Number of protein chains: 2
Amino acid sequence: MNTPTFRNWQSVREEVRRRIHAREWAPGDLIPNEADLAVEFGCARSTVNRALRSLAESGVLDRKRKAGTRVAAQPVARATLNIAVIRHEVEEHGATYGYLLIERAERVPPASISGAMKTRAAAKLLHVRALHLADDAPYAIEDRWINTDVVHSARSEGFEAVSANEWLMKHAPYTHGDIGFSAVQATVSDAETLGVPPQSALFAIDRVTWDNASSVTKVRLLFAPGYQLRTAI
Amino acid sequence: MNTPTFRNWQSVREEVRRRIHAREWAPGDLIPNEADLAVEFGCARSTVNRALRSLAESGVLDRKRKAGTRVAAQPVARATLNIAVIRHEVEEHGATYGYLLIERAERVPPASISGAMKTRAAAKLLHVRALHLADDAPYAIEDRWINTDVVHSARSEGFEAVSANEWLMKHAPYTHGDIGFSAVQATVSDAETLGVPPQSALFAIDRVTWDNASSVTKVRLLFAPGYQLRTAI
DNA sequence: CAGAATAATATGTGTGCACATAAAAACATT
DNA sequence: AATGTTTTTATGTGCACACATATTATTCTG
């Protein structure tokens, strides 16, 4: 019986994947430690470490110091979504991108917005509403509030030619954010803007981004019916 | 002027993040190479490598051999979703989980299903329809097709007590899968099952999983209105 | 001058070693 | 038996070095 050697971390990862898949190591099982695997695989421990770390990142393994490494009992599917600038998303589909500014105004937002953005209730924010088009057909509504106390330069930007979606990417760095995906019924106004029947089911992405403790912007993107956010796992 | 040293890869990553954030390195800029940064930071090149690799994985940097490392011009927000077993999702919310099997039958699926699963058009698949409950209220409809040629043991499983969602996790390993998120209008039947008005907007997750070239299962999960899939970026 | 061969270079990764750190396990103490 | 302390151990990480590999820049050649 020959014992093949695994000289790089990718091949080690594949072999571990294979063993889990073949139920040689069942969910919940403790697997041999790094040093032993290194000997078995004929490589350095750091190589095994790299492979196991990668598998832990993708949720296949659970690792704990001293406790060891075990096959995840409850393998959560970890899907990574790439949320790009809408223009790029449209152009990647081979469609022609279009953009229409609907509204731009500084105003005091409803409490739900100032609450989520943790701004003073009476503070004015910049409100931008726009429509993104793919091949001249409505693609998504962007409804956004911008904290001009944080993004000063937004005050002097009209958002007539370039969308806030894209402009902010370049001009407003953020440290972290929250994102939520849901389904909502189109309001009368949304339905009109998108040219769809009222009550249509729309895919919604809600995102708030933060620069440390200050909110930068809060946006709701409402996609026309038929939109699907896809990824591989 | 003191030059602080960065002894671990996380602190190097933070410093690089800070420089990008402070626009010391602007989007599109080429940053110094690993060796130079290692000297500047007073650490080994491998430590810098670890930090930069981590940032590249999260989409902040673009790296190419010989060409060097540059700040991503178009930083895509990379959101990682953890799609857990529904029972766990419900219980994590502090609610009591419930499960109701609606239907279980072996039948020839519609062409859309056999097409997506790449099974023979005439081949029978196991169809399971079930309702997941949170605190006795409808939470999500699971509509699933299982390829029993791949998951033999599913034939003898009734799915009366344990959901296919959960059972398959333990019994049907997969190598990869596709996943899609969308918004759909509730059909009359869906609306009845969920106890919501017809035409309600439902959040849908469609997933097909594969074991190498064979499809394992295809599922559509329809969540009751109000559901939101959240994550941080 | 175009195209092919060659050199240069930045990242990618393997190795061996050392030590840090978290957490379980063993042990001691009350 | 409950509690606190020490030991043990598996993973986490840093370092120095070497070589691999992809890609660009340069030089050579017809």
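Being a predicted model, the structure only gives us computed values, none of them experimental.
Under a 3.5 Å cut-off, the side chain of B/Arg104 and the backbone N or O of B/Val128 do not form any donor-acceptor pair. Panel note: side chain A/Asn147, backbone A/Ser215; a donor-acceptor pair is recorded below 3.5 Å.
For A/Ser46, taking side-chain heavy atoms from C-beta onward, the closest of the listed nucleotides C/dT15, C/dT13, C/dA18 is C/dT15. Closest to the B/Lys64 side chain, of the nucleotides D/dT24, D/dG12, C/dT13, is D/dT24.
Distances shorter than 4.0 Å separate some side-chain N or O of B/Gln10 from OP1 or OP2 on D/dT13. Within the structure, a side-chain polar atom (N or O) of A/Thr69 is placed less than 4.0 Å from OP1 or OP2 of D/dT11.
In DNA chain D, the stems built from three or more successive Watson-Crick or G-U pairs (distances below 3.5 Å) are C:1-30 with D:1-30.
The residue B/Arg45 sits close to a base: some heavy atom pair falls under 4.0 Å. Residue contacts shown for B/Asn8 are limited to sugar-phosphate atoms, with no base heavy atom under 4.0 Å away.
Around atom NE2 of A/His88, more than 12 heavy atoms belonging to other residues, nucleotides or ligands sit under 6.0 Å away. Atom NE2 of B/His93 sits in a sparse spot, with 12 or fewer heavy atoms from other residues, nucleotides or ligands closer than 6.0 Å. Within a 6.0 Å sphere centred on CZ of A/Arg155, heavy atoms belonging to other residues, nucleotides or ligands number more than 12.
In this structure, CZ of B/Arg63 is placed 12 Å from C1' of C/dT13, rounded to the nearest angstrom. The nearest whole Å value for the distance from the CD atom in B/Glu57 to the C1' atom in C/dG12 is 13 Å. At whole-Å resolution of the value, CG in A/Asn49 and P in D/dT9 are 20 Å apart. A straight line from CZ of B/Arg13 to P of D/dG14 spans 11 Å, rounded to a whole angstrom. Counting to the nearest Å, the P atom of D/dA10 and the CG atom of A/Leu52 are 14 Å from each other. Regarding B/Asp62, its CG atom lies at a distance of 16 Å from the C1' atom of D/dT23, rounded to whole Å. Rounded to an integer number of Å, the gap from CZ of B/Phe41 to C1' of D/dG14 is 16 Å. Atom CZ in B/Arg50 sits about 14 Å away from atom C1' in D/dC15, given to the nearest Å.
Salt bridge present: B/Arg19 and B/Glu40 bring a charged side-chain N and a carboxylate O closer than 4.0 Å.
A distance of 6.5 Å separates CZ of B/Arg144 from CZ of B/Arg207, quoted to the nearest 0.5 Å. Atom CZ in B/Arg87 sits 12.5 Å away from atom OG1 in B/Thr96 (nearest 0.5 Å). For the atom pair B/Leu222 CG and B/Leu131 CG, the distance stands at 11.0 Å (nearest 0.5 Å).
Residues from residues 23-38 of chain A with heavy atoms under 4.0 angstrom of DNA chain C: there are none.
Side-chain atoms of A/Ser11 and A/Asn8 include a donor-acceptor pair closer than 3.5 Å.
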Give me, pair by pair, the N or O atoms of the protein and of nucleotides 20-22 of chain C that are less than 3.5 Å apart, along with how far apart they are.
{"unit_1": "C/dT21", "atom_1": "O3'", "unit_2": "A/Arg65", "atom_2": "NH1", "d": "3.3"}
{"unit_1": "C/dT21", "atom_1": "O2", "unit_2": "A/Arg65", "atom_2": "NE", "d": "3.4"}
{"unit_1": "C/dA22", "atom_1": "O4'", "unit_2": "A/Arg65", "atom_2": "NH1", "d": "3.4"}

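In this pair, A/His132 and A/Tyr99 present their aromatic rings tilted. The plane angle is within the 30 to 60° band.
Residues A/Arg78 and B/Asn82 are in side-chain contact: their nearest non-hydrogen atoms beyond the backbone lie under 4.5 Å apart.
Comparing B/Ala67 and B/Arg53 by the nucleotide of DNA chain C whose heavy atom lies nearest to each, the residue mapping closer to the 5' end is B/Ala67.
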